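This report concerns only the one structure given below.
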Amino acid sequence: MLSLSVSKLLTLTRYAFSFSSIPNFLPIASSNTFLLSFSSHSRFNSNHINNVDDAVSSFHRMLCINPTPSIVQFTKILGSLVKMNHYRTAISLSHHLEFNGIKPDIVTFSILINCYCHLGQMNFSFSILGKILKMGFQEDTITLNTLMKGLCLNNKVREALHFHDHVVAKGFQLNQVSYGTLINGLCKMGETQPALQLLRRIDGKLANADVVMYSTIIDSLCKDKSINYAYELYVEMIAKRISPNVITFNNLIYGFCIVGQLKEAFGLFREMVLKNVNPDVYTFNILVDALSKEGKVKEAMNVLAMMIKDGVKPDVVTYGALMDGYCLVNQVNKAINIFNTMVHKGVVPSVWCYNIIINGLCKNKMVDEATNFFKEMHNKMIVPDVVTYSTLIDGLFKSRKISYAWELVDEMHLIGLQVDVITYNSLLHALCKKNHLDQAIALVMKMKDQDIQPNMFTYNILIDGLCKGGRLKNAQVIFQELLSKGYHLTVWTYNAMINGLCQEGLFDEALALLSRMEDSGCIPDVVSYETIVNYLFQKGERDKAKNLLREMIVKGLL
DNA sequence: GTAGGGTTAG
């Protein structure tokens, strides 16, 4: 329940401008040249500002002008800082406004609300709403929408909905942006159906459904792999004369790609072109990525050529997807060529790109080269993230460079990078491989202590390790626990157990598990059967082995 | 001068 009375909001106001971290910006003395340049809207016009330092220095110069420029001019700079995601800077500059007696207006306040929202400080956002009322301004739809967006951004969709009810009850008229925001909030927390219900409820009453609302829900359905349902909504919106735009098409194309229906994805691509909706860099990136993920690098390169021909500039995502494709088909050198081409074309490689290359190199056992790329990141001041470290650590372990791997684990801690479940799984794998099973068990305990929930990979690695290390009993305990807790066991889990049972000569138990896994909806694969067959042959149980081979043939596994 | 939707890695 949201308790947002105006008086409560007003009490929050006092927190609003009590920041102590005001940077000590040195205003640069104004000069005639500055006045000229300012009045002629040249380099101090905020429309041209695209870096933080320029924005800040322009702001301070403006503070020195007499007469003081209007709040609109200052607000423009704050807006440009927000566009660059420099929320803290915008907030501290707004403090300077106050110190200089320049009164913010409703637009300035909306921008500040947005800043606090992005910093996760919703209390400050609401205290600004209180301040707006206290200063005699009227909050407008944009103010309210910004607040609702902020609540959604901070995982408070329920509060956003309550806030909506609250302001509507007070007689406010909200608009399409308001409902687009709420629908997106619901979708992002996985509540696609409620989002669709909201659309149905408001449509034609509180606001008309529009292309953004439909596209948002279509996107959510696509990501849930409900592509048919998504397509139905696409048909529905057209029937309602709401024209799909490039984002609608991109969402659908992405949806078809992730369910492997590339033919349909390209069909939609043609459809959008026919409808005069121009594909953009997202469209091409989605297609390049989908082809790359299927190992169809040649086709992906054709799409690259197509986009260039269409005048759409490939970006870091395009190149990243291509590099990933080449890595997948074990052509890391070509991936590196793409990397170099990208740099040559002036596209700055992101952490993501380095991670792709490092992963490709590690998978191809070229760990030294991977390490070189890792070092290059430092030289280029690109900060490695958890993925970079995890990838390289995994590669190092698998290449038996154990001590360097552990060094990197320490380094992660040192620079304050939180080790996550995937990193832990690599460590676990390494410990199991070395048969350090007690340490492996201790590591899983440590994960839980740190509130990092083990996933099925964790358990699969541990169970496999325990079985192979001759500790079947331990493995069985964990296996039973997973079953009783209702975990969705994978074929890997069963295969690890089957292997453990066979190793101890417990064939009947292994066979029982084989049928039990099928009963619980986990289809045995070649490995499940092969494991048992191999052990049976080893023990001279030829008849049993042959029976099982026949079963494999019947099931089409041979 | 301020508010809603979309693509890449372990």
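Side chains included, hydrogens not; waters and symmetry mates left out as well; all remaining heavy atoms used. Naming: A, B, ... by sequence-line order, numbering from 1 per chain. Please read all numbers here as calculations on a predicted model, not as lab measurements.
Contact check of residues 189-197 of chain A against DNA chain B (heavy atom, cut-off under 4.0 Å) returns no residues at all.
At the heavy-atom level, G180(A) lies under 4.0 Å from base atoms of the strands shown. Using a 4.0 Å heavy-atom criterion, one finds that T423(A) contacts the bases of the nucleic acid, with or without backbone contacts as well. Here V82(A) lies out of heavy-atom contact (under 4.0 Å) with every strand. Contact annotation for M213(A): base contact, defined as any heavy-atom pair under 4.0 Å involving a base atom. Using a 4.0 Å heavy-atom cutoff across all strands shown, V288(A) reaches no nucleic acid atom at all. As judged by a 4.0 angstrom heavy-atom cut-off over every strand, T216(A) is placed among residues touching the sugar-phosphate backbone only. If you check every strand for non-hydrogen atoms under 4.0 Å, T108(A) touches a base. Counting non-hydrogen atoms under 4.0 angstrom, T391(A) reaches the backbone sugars and phosphates but no base. Within the nucleic acid shown, T146(A) comes within 4.0 Å of sugar-phosphate atoms alone, with no base atom in reach, counting heavy atoms only.
Straight-line distance from the CG atom of L78(A) to the P atom of dT2(B): 11 Å, rounded to whole Å. Rounding to whole angstrom units, CZ of residue F374(A) and P of dA9(B) are separated by 21 Å. Whole-Å rounding puts the I217(A) CD1 to dG4(B) C1' distance at 12 Å.
Identified under the ring pair (Phe, Tyr, Trp, His ring centres under 6.0 Å) test for residues 194-214 of chain A, with sequence neighbours left out: none.
With dG4(B), dG10(B), dT7(B) as the choices, the nucleotide that has an atom nearest any side-chain atom of K149(A) turns out to be dG4(B). Comparing atom distances between the V211(A) side chain and each of dG10(B), dG4(B), dG5(B) picks out dG5(B) as nearest. Candidate nucleotides dT2(B), dA9(B), dG5(B) were compared by shortest atom distance to the side chain of V387(A), and dA9(B) ranks first. Comparing dT7(B), dT2(B), dG1(B) by their nearest atom to the side chain of S110(A) picks out dT2(B). The side chain of T141(A) approaches dA3(B) more closely than any other nucleotide in the set dG1(B), dA9(B), dA3(B).
Evaluation of atom-type donor-acceptor distances gives no pair under 3.5 Å for the side chain of T181(A) against the base of dG4(B). Remark: the N251(A) side chain and the dG5(B) base include no donor-acceptor N/O pair separated by less than 3.5 Å. Below the 3.5 angstrom threshold, one finds no donor paired with an acceptor across the side chain of N175(A) and the base of dG4(B).
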Determine, stepwise, if the pair I113(A) / T143(A) fulfils side chain to side chain contact (heavy atoms under 4.5 Å, CB included).
CA-CA 8 Å; I113(A) 287 177; T143(A) 326; 3.5 Å; yes

Step by step, would you call T141(A) with N175(A) a side-chain hydrogen bond (donor to acceptor under 3.5 Å, both in side chains)?
CA-CA 8 Å; T141(A) 320; N175(A) 62 13; 4.9 Å; no

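Taking the six-membered ring where the residue is Trp, F284(A) and F269(A) present perpendicular rings, their angle passing 60° and hence far from 30°.
Take E376(A) and apply the salt bridge (charged side-chain N to carboxylate O under 4.0 Å, His left out) test, not counting sequence neighbours, and it matches K380(A). By the salt bridge (charged side-chain N to carboxylate O under 4.0 Å, His left out) test, K293(A) pairs with D289(A), sequence neighbours left out. The salt bridge (charged side-chain N to carboxylate O under 4.0 Å, His left out) check on D165(A) picks up nothing, with sequence neighbours excluded. With sequence neighbours excluded, no residue satisfies salt bridge (charged side-chain N to carboxylate O under 4.0 Å, His left out) with K156(A).
A sub-4.0 Å separation between OP1 or OP2 of dA9(B) and a side-chain N or O of K293(A) is present. Within the 4.0 Å cut-off from OP1 or OP2 of dG5(B), not a single side-chain nitrogen or oxygen of K223(A) is found. OP1 and OP2 of dG4(B) both lie 4.0 Å or more from every side-chain N or O belonging to N145(A). Side-chain N/O atoms of K83(A) include none lying less than 4.0 angstrom from OP1 or OP2 on dA3(B).
In this structure, the aromatic ring of Y254(A) is not positioned over the six-membered ring of the base of dT7(B) within 5.5 Å between centres and 30° between planes.
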